[in-house]
There are 2 protein chains.
Amino acid sequence: MTLRLRLSYGSVRFGPGKAELLERIRDSGSISAAGRDMGMSYKRAWMLVEEMNTAFRLPLVDSTRGGAKGGGARLTDAGAAVLAHYRRVVALAEQQGAADIAAIEDLLADIPDEK
Amino acid sequence: MTLRLRLSYGSVRFGPGKAELLERIRDSGSISAAGRDMGMSYKRAWMLVEEMNTAFRLPLVDSTRGGAKGGGARLTDAGAAVLAHYRRVVALAEQQGAADIAAIEDLLADIPDEK
DNA sequence: GTAGGATATGTTCGGTTGAACATATCGCAA
DNA sequence: TTGCGATATGTTCAACCGAACATATCCTAC
């Protein structure tokens with residue numbers, strides 16, 4: 001049983017997709033590599049980054065064009081902070097709600113094999 | 001800032017939409033009335049109910065056709081239980097994660113007016 | 001035995017969303 | 001100064017999803 005959690009403030013939304021994207025950008029140093037790993041087009045990955053950068057007061061991702069390796073991207077302090085806070089909320093929800101989540105799972109019909 | 005939470009087990013999913021639908025069915029005693037109130041077609045409401053009833057070992061909604069008032073629907077014990085557990089998980093997540101949620105909100109750009 | 005209201009399903013149509021394709025630009029290194 | 005790799009954007013097309021429309025069925029009350 002997995003838990004997906006999304007925060008919304010007006011039209012601004014932040015959920016598991018953007019969180020994973022931020023994480024992969026942090027690890028790979030590249031928007032395109034992050035998107036590739038997640039099976040999405042570069043364009044989509046870039047649009048999500050753009051959304052986040054405009055939604056927050058400070059950009060969450062800092063990107064540079066050109067250079068030896070063509071460019072790259074990295075998480076800003078704000079980006080790291082948002083990611084950490086989000087991860088923490090999810091972890092808390094999973095821990096604190098474990099009993100209720102298990103109770104629901106017990107009522108489920110079996111069979112759903114994998115994935 | 002609102003929080004949306006969805007539980008997934010394989011292809012089976014349960015989130016805010018189905019939870020609200022169950023709640024309204026419990027209160028109105030009708031699938032069509034519940035769907036109407038939520039601004040969805042009867043067909044969609046019925047399909048969601050069908051999904052839930054097949055996903056769980058016991059049906060969450062019990063419906064009857066015909067009769068004086070045409071028929072109706074009511075929550076089963078299993079339905080009430082699932083709804084209560086889900087509500088509890090959400091409430092716990094909101095309470096326990098309040099600090100982190102607020103921290104993210106503080107980093108947001110303002111302006112997003114309403115809705 | 002017929003009218004009414006809600007469940008139960010099928011079908012069609014339009015909008016939204018993402019995938020795919022296509023360029024343009026940038027800056028360092030060779 | 002040319003090539004490379006990644007960012008930055010626009011455009012087009014197919015798939016998916018829900019809305020709307022259309023019936024069929026059921027059962028009680030009158």
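Every chain is numbered from 1 and lettered A, B, ... according to where its sequence line falls, protein lines coming before strand lines.
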Where is the tightest heavy-atom contact between A:Leu58 and A:Ala78, given as atom of each residue plus distance? CB-CB, 4.2 Å
Can you tell me how far apart CE (A:Met47) and CE (A:Met40) are? Round to the nearest 0.5 Å. 10.0 Å
Could you state the atom-to-atom distance from CE of A:Met47 to C1' of D:dT7 in whole Å? 15 Å
Between D:dC21 atom P and B:Tyr42 atom OH, what is the distance in whole Å? 18 Å
Taken to the nearest whole Å, CH2/A:Trp46 to C1'/C:dT25 is 13 Å
Over how many whole Å does the gap from A:Arg36 atom CZ to D:dG5 atom P extend? 11 Å
Nucleotide D:dG18, atom P - distance to CE of B:Met40 in whole Å: 9 Å
Rounding to a whole Å, what distance do you find between A:Leu48:CG and C:dA19:C1'? 14 Å
5'-most contact on DNA chain C (nearest-nucleotide basis), A:Gly70 vs B:Ser32, goes to B:Ser32
Scan residues 56-69 of chain B against DNA chain C and write down, sorted by residue number, each residue with any heavy atom closer than 4.0 Å; if none is found, say none. B:Ser63, B:Thr64, B:Arg65, B:Gly66, B:Gly67, B:Lys69
Counting only heavy atoms not in B:Asp106, do more than 12 sit closer than 6.0 Å to its CG atom? yes
What are the atom names and distances for every N/O pair under 3.5 Å that joins the protein to nucleotides 11-15 of chain C?
{"unit_1": "C:dT11", "atom_1": "O4", "unit_2": "B:Lys43", "atom_2": "NZ", "d": "3.2"}

Would you indicate, yes or no, if D:dG5 has its OP1 or OP2 atom less than 4.0 angstrom from a side-chain nitrogen or oxygen of A:Ser30? no
Would you say A:Leu7 and A:Leu92 are hydrophobically clustered, going by side-chain heavy atoms of ILVMFWY under 4.5 Å? no
Protein-nucleotide distance (A:Arg44, atom CZ; D:dT12, atom P), rounded to Å: 21 Å
Starting at CD of A:Glu51 and ending at C1' of C:dT17, how long is that distance when rounded to a whole Å? 12 Å
Side chains of A:Ser28 and A:Ser30: do they bring a donor and an acceptor to under 3.5 Å? no
Answer yes or no: is there a donor N or O on one side and an acceptor on the other, between the side chain of B:Tyr86 and the main chain of A:Ile101, under 3.5 Å? no
Quick check: on DNA chain D, is the nucleotide nearest A:Glu50 upstream (toward 5') of the one nearest A:Gly71, or the reverse? Name the residue that is more 5'. A:Gly71
Please determine whether the number of non-hydrogen atoms from other residues, nucleotides or ligands lying under 6.0 Å from atom CZ of A:Arg26 exceeds 12. yes
Smallest heavy-atom separation, A:Leu83 atom then A:Leu75 atom, equals CD2-CD1, 4.2 Å
List for me each residue that meets salt bridge (Lys or Arg N to Asp or Glu O under 4.0 Å) alongside B:Arg13, sequence neighbours excluded, and say none if there are none. none
